[in-house]
Amino acid sequence: MSANDLSRWQRFVLSKPMGFVLPTATGLYFNRHRLKGELKTAELPAKPWAQNEAHELLSRSEDRLRSLEAKGPGLATVAAIVAAGVVAAIVEGGGDSTLLGKVLLGVAAWYSIWSLVIPIYLVGPQARATIDLNHLISAAGKDDPEQYLAEQAQQAAQGNVRRTQRIANLQNAARTELSAALLALSAWLMLGPAVGLLERDEPDPDSQPHPPTQTHTQPRTTPPSATTPPTSTTPRPRTTPKPRPRPRMTPTTPSTGGAQAPSEPR
């Protein structure tokens, strides 16, 4: 399918800006609509060198596919580390960030999630085309079994090449999303915690004026009860108590049975 055969919608989806904004979606669309159809094969001459080259072609295609499989776990690990950093940034400083800071954290979270989709899918072993026992059984009934196996090796190699192209497109999309997530997170770290440009200004409680403290205490007043009459607040005049008269002591003399002597006045 050439570029002229694409519709306007397909040209928009497969454009370079969309390849950067939505890399995984664009890669999936490209693999589905561009990498399809019958595999291209060539008519091999029935000679040993052509047969050997067909088998070598199959071996090289399997090696490239095996190399892409080995890159899957490493890419998934790096994407998981960046995603963990984005989650930590959202938990620690997401609430105190300004609108621009929240937008950067949202962009970082969006691309970090997408960067995990394809690497996790590509962690496991991938299917590959090769020559198996069924091909050997079929070759036993042919007039030229070596030529038959060479043609089957060529077709299997082309199938592996197409699968390699699809996996490479998806891995490139995941790396692009990982780069975008890391770039947004780095911008938030540099402008937010490092510079403080993306943090909201909160009033400092120490800088606020405190109300003046009261130095005098007001007397505590209690409401009058129902049974106690209200007392007057006018002070009563102090009266000096009158001295009490001292009682006069009358001396008594013991009785002697005779005349009493007159008592002397004190």
Asks: Nearest 0.5 Å, what's the CG-NE2 distance between L28 and H33?
Replies: 10.0 Å
Asks: Can any side-chain N or O of E177 pair as donor or acceptor with the backbone N or O of T24 at less than 3.5 Å?
Replies: yes
Asks: Distance from I81 atom CD1 to L182 atom CG, nearest 0.5 Å?
Replies: 11.0 Å
Asks: With side-chain contact (heavy atoms from CB on, under 4.5 Å) as the test, would you mind laying out the steps for L75 and L122 before giving the verdict?
Replies: CA-CA 9 Å; L75 185 58; L122 297 178; over 6 Å; no
Asks: Can you tell me how far CD of E146 sits from CD of Q51, rounded to the nearest 0.5 angstrom?
Replies: 5.0 Å
Asks: If we only count heavy atoms from C-beta on, is the V107 to L183 side-chain gap below 4.5 Å?
Replies: no
Asks: Closest heavy-atom contact between E62 and A129?
Replies: OE2-O, 3.8 Å
Asks: Under 3.5 Å, side chain of H55 to main-chain N/O of N52, donor-acceptor pair present?
Replies: no
Asks: Atom OG of S186 and atom CG of L104: how far apart are they, to the nearest 0.5 Å?
Replies: 10.5 Å
Asks: Honestly curious: do Y111 and M190 fall in one hydrophobic cluster under the side-chain, below-4.5 Å linking rule?
Replies: no
Asks: Decide whether L68 and L57 are clustered together by the hydrophobic rule: side chain heavy atoms of Ile, Leu, Val, Met, Phe, Trp, Tyr closer than 4.5 Å, transitively.
Replies: no
Asks: Restricting to non-hydrogen atoms, name the atom on A156 and the atom on L58 that form the minimum distance, rounded to 0.1 Å.
Replies: CB-CD1, 3.6 Å
Asks: Closest heavy-atom contact between S115 and A174?
Replies: CB-O, 3.9 Å
Asks: Measure the shortest side-chain to side-chain distance between R175 and Q171 over non-hydrogen atoms and say whether it is less than 4.5 angstrom.
Replies: yes
Asks: Begin from the C-alpha positions of S61 and L65 and carry the test side-chain contact (heavy atoms from CB on, under 4.5 Å) through to its verdict.
Replies: CA-CA 6 Å; S61 66; L65 189 57; over 6 Å; no
Asks: Decide yes or no for F12 and S7: does some side-chain heavy atom of the first lie under 4.5 Å from some side-chain heavy atom of the second?
Replies: no
Asks: Which heavy atom in A54 sits nearest to a heavy atom in A150, and how many Å separate them?
Replies: CB-O, 3.4 Å
Asks: Heavy-atom distance under 4.5 Å between the side chains of L136 and L149, does that happen here?
Replies: yes
Asks: Side-chain heavy atoms under 4.5 angstrom apart, residues restricted to Ile, Leu, Val, Met, Phe, Trp, Tyr: same cluster for F30 and V21?
Replies: yes
Asks: Given side chains that start at C-beta, do those of Q126 and R166 come closer than 4.5 Å, heavy atoms only?
Replies: no
Asks: In the hydrophobic clustering (ILVMFWY, side-chain contacts below 4.5 Å, transitive), which residues join I120, or is it alone?
Replies: L116
Asks: Check whether any side-chain heavy atom of S67 sits under 4.5 Å from a side-chain heavy atom of D63, and report yes or no.
Replies: no
Asks: Work out which heavy atom in L44 is nearest to a heavy atom in Q147; give both atom names and the distance.
Replies: O-NE2, 2.9 Å
Asks: If you round to the nearest 0.5 Å, how far is CH2 of W114 from OG1 of T176?
Replies: 14.0 Å
Asks: Do V161 and R64 come close enough that some side-chain heavy atom pair is under 4.5 Å?
Replies: yes
Asks: Test salt bridge (Lys or Arg N to Asp or Glu O under 4.0 Å) on E69 and R128 and set out the steps.
Replies: CA-CA 11 Å; E69 289 177 349; R128 57 175 51 86; 3.1 Å; yes
Asks: Same hydrophobic cluster for V87 and V78, using side-chain heavy-atom links shorter than 4.5 Å among ILVMFWY?
Replies: no
Asks: What's the spacing between N31 CG and T26 OG1 if we round to 0.5 Å?
Replies: 11.0 Å
Asks: Find out if a path of hydrophobic residues (ILVMFWY) with successive side-chain heavy-atom gaps under 4.5 Å connects W9 to L22.
Replies: yes
Asks: Is the closest side-chain heavy-atom distance between Y29 and Q10 below 4.5 Å?
Replies: yes
Asks: Between the side chain of Q154 and the main-chain N/O of A42, is any donor-acceptor distance below 3.5 Å?
Replies: yes
Asks: Is the number of heavy atoms from other residues, nucleotides or ligands within 6.0 Å of CD (Q155) greater than 12?
Replies: yes
Asks: For a quick test of reading the model, state the closest non-hydrogen atom pair linking S138 to Y148 and the distance between them.
Replies: CB-OH, 3.4 Å
